[in-house]
Amino acid sequence: MSLSGKTMFISGASRGIGLAIAKRAAADGANIALVAKTAEPHPKLEGTVFTAAREIEAAGGQALPIVGDVRDGDSVAAAVAKAVEQFGGIDICVNNASAINLGSIEEVPLKRFDLMNGIQVRGTYTVSQACIPHLKSGDNPHILTLSPPVRLEARWLKPTAYMMAKFGMTLCALGIAEEMREYGIASNTLWPRTLVATAAVQNLLGGDEAMGRARRPDVYADAAYVVLNKPARDYTGHSLLCEDVLLESGVRDLSAYDCVPGAELGLDLWVDSANPPGYTGPPA
């Protein structure tokens with residue numbers, strides 16, 4: 001498997017999972033065009049689009065940092081045009097940009113509802129739409145959207161606003177899979193079984209205690225790497241879980257991704273267990 005020479009266009013990769021995915025591809029020598037809003041340091045969030053670009057280049061890739069808003073069609077079109085001008089095309093599109101608020105319908109104001117659905121749903125649609133003309137001539141073209149399987153059991157239909165935004169990403173990705181099947185462009189979704197150690201977990205989901213029950217972002221990056229190396233014409237329309245992808249690829253020890261060895265892992269939304277069915281831990 002290798003992404004050497006491939007060009008990835010990724011949204012929201014200033015930090016966390018998106019940056020980890022970009023750096024994993026960069027280790028092969030991939031070109032990374034990253035679009036994000038963070039041009040200046042944030043008091044609660046590490047990293048900007050420019051510091052991320054430096055990390056990507058240090059990992060072995062070429063980086064093109066672009067300040068832009070995935071909700072703005074003109075901004076996205078300009079960013080894609082810059083990427084194509086710089087690198088000659090696009091082979092991979094990763095929809096990573098996301099906003100989170102876990103409040104109920106009584107707690108989430110319309111402004112925040114619009115933000116989440118704008119970034120998640122409109123952003124996924126806009127970025128994918130802008131990349132598709134170039135993916136049609138890409139090498140093993142993939143769209144990967146970081147969103148969960150659609151679960152319609154009662155317990156998973158809340159929190160309403162965030163659920164709508166994340167399920168909207170998945171429905172968009174699955175629709176694209178069918179519309180682009182004839183062109184050989186893969187479109188899949190990817191989601192972790194457990195909490196992943198990111199700024200959102202640190203700031204919104206329990207601080208150091210939650211981080212201690214999380215897996216490292218590498219679990220997402222390594223799984224994404226496996227998916228993006230699959231044959232695009234055949235491997236499309238799937239809602240995937242990171243740990244399942246890794247086990248199927250030959251990884252035998254998921255505990256290697258744990259932030260705190262032996263800690264009880266916190267489950268992410270829309271999954272039932274920290275490990276795939278039948279997984280009993282690393283080999284003795």
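Since we're looking at a predicted model, the values are computed, not measured.
Between the side chain of H142 and the main chain of Y235, no donor-acceptor pair closer than 3.5 Å is present. Using modelled atom types, no side-chain atom of Q62 and backbone atom of G29 make a donor-acceptor pair closer than 3.5 Å. Judged by distance alone, with hydrogens and angles left aside, the side-chain atoms of R15 form no donor-acceptor pair with the main-chain N or O of T198 at under 3.5 Å. Between the R112 side chain and the I100 main chain, a donor and an acceptor come within less than 3.5 Å of each other. The main-chain N or O of M163 is never found under 3.5 Å from a side-chain atom of W270 such that the two would form a donor-acceptor pair. A distance-only check finds no donor-acceptor pair linking the side chain of R24 to the backbone of Y225 [under 3.5 Å]. At least one donor-acceptor pair under 3.5 Å links the side chain of E107 to the backbone N or O of S104. Here the side chain of N101 pairs a donor or acceptor atom with the backbone of G103 at under 3.5 angstrom.
Remark: I10 CD1 to N96 CG distance equals 5.0 Å, nearest 0.5 Å. Taking CD1 of I66 as the reference point, atom CZ of F9 lies at 5.5 Å (rounded to 0.5 Å). Taking CZ of F167 as the start and OH of Y162 as the end, the distance is 11.0 Å to the nearest 0.5 Å. Expressed to the nearest 0.5 Å, how far NZ of K166 lies from OG1 of T124 amounts to 7.5 Å. In this structure, L135 CG and S187 OG are separated by 10.0 Å, a value rounded to the nearest 0.5 Å. Interatomic distance, CD1 of I185 versus NE2 of H134, reported as 11.0 Å (0.5 Å rounding).
Under a cut-off of 6.0 angstrom, the local environment of CZ in R122 is sparse, with at most 12 non-hydrogen atoms contributed by other residues, nucleotides or ligands. Surrounding CD of E264 are at most 12 heavy atoms belonging to other residues, nucleotides or ligands under 6.0 Å away.
Y279 and V226 fall within a single hydrophobic cluster, where Ile, Leu, Val, Met, Phe, Trp and Tyr are joined by side-chain heavy atoms under 4.5 Å apart, directly or via other members. Note: the hydrophobic cluster containing V271 also contains L102 (ILVMFWY, side chain heavy atoms under 4.5 Å, direct or indirect links). Transitive grouping of hydrophobic side chains (ILVMFWY, heavy atoms separated by less than 4.5 Å) brings M1 and L246 into a common cluster. Note on Y125 and I176: separate hydrophobic clusters, where clusters join Ile, Leu, Val, Met, Phe, Trp and Tyr whose side-chain heavy atoms are under 4.5 Å apart, directly or indirectly. I132 is connected to Y183 through a chain of hydrophobic side-chain contacts under 4.5 Å among Ile, Leu, Val, Met, Phe, Trp and Tyr, so both are in one cluster.
Residues M116 and V108 are in side-chain contact: their nearest non-hydrogen atoms beyond the backbone lie under 4.5 Å apart. With a 4.5 Å cut-off on side-chain heavy atoms, L269 and P148 do not count as touching. Side-chain contact between I119 and K37 is absent, with no heavy atoms from C-beta onward closer than 4.5 Å. Looking at heavy atoms from C-beta onward, M211 lies out of side-chain contact with V260 at the 4.5 angstrom threshold. Using a 4.5 Å heavy-atom cutoff, the side chains of F113 and M164 are in contact.
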Please lay out, stage by stage, how T194 and Y257 fare under the test side chain to side chain contact (heavy atoms under 4.5 Å, CB included). CA-CA 11 Å; T194 71; Y257 293 103; over 6 Å; no
Is there a salt bridge (charged side-chain N to carboxylate O under 4.0 Å, His left out) between R181 and E178? Walk through the geometry before answering. CA-CA 5 Å; R181 191 180 291 275; E178 296 313 310; 2.7 Å; yes
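Taking all atoms of both residues into account, the shortest heavy-atom contact from L265 to R215 is CD1-NH2, 3.4 Å. The two residues A165 and V121 come nearest to each other via the heavy atoms O-CG2, 3.6 Å. Closest of all the heavy-atom pairs between V76 and A130 is CG1-CB, 3.8 Å. Of all heavy-atom pairs between V35 and V70, the closest is CG1-CG1, 4.4 Å. A pairwise comparison of heavy atoms in D69 and S75 identifies N-OG, 3.2 Å as the closest pair. Listed here is the closest heavy atom pair of A197 and C259: CB-SG, 3.6 Å.
Checked for salt-bridge contact, R54 and E57 miss the test: no charged N lies under 4.0 Å from a carboxylate O. Remark: R155 does not engage E153 in a salt bridge, criterion side-chain N to carboxylate O under 4.0 Å.
Every residue was checked against the side chain to side chain donor-acceptor pair (under 3.5 Å) condition with D91, not counting sequence neighbours, and none meets it. Residues passing the side chain to side chain donor-acceptor pair (under 3.5 Å) test with D114: none are found, sequence neighbours excluded. Residues passing the side chain to side chain donor-acceptor pair (under 3.5 Å) test with D139, sequence neighbours excluded: none.
The closest side-chain donor-acceptor pair between S273 and R193 falls under 3.5 angstrom.
Of the residues listed (T170, T189, T145, N188), the one engaging S239 in a side-chain hydrogen bond (donor to acceptor under 3.5 Å, both in side chains) is T189, and it is the only one. With respect to P217, the side chain to side chain contact (heavy atoms under 4.5 Å, CB included) criterion is satisfied by exactly one of V196, I21, L19: V196. When L34, L64, T51 are each tested for a side chain to side chain contact (heavy atoms under 4.5 Å, CB included) with I56, only one passes: L34.
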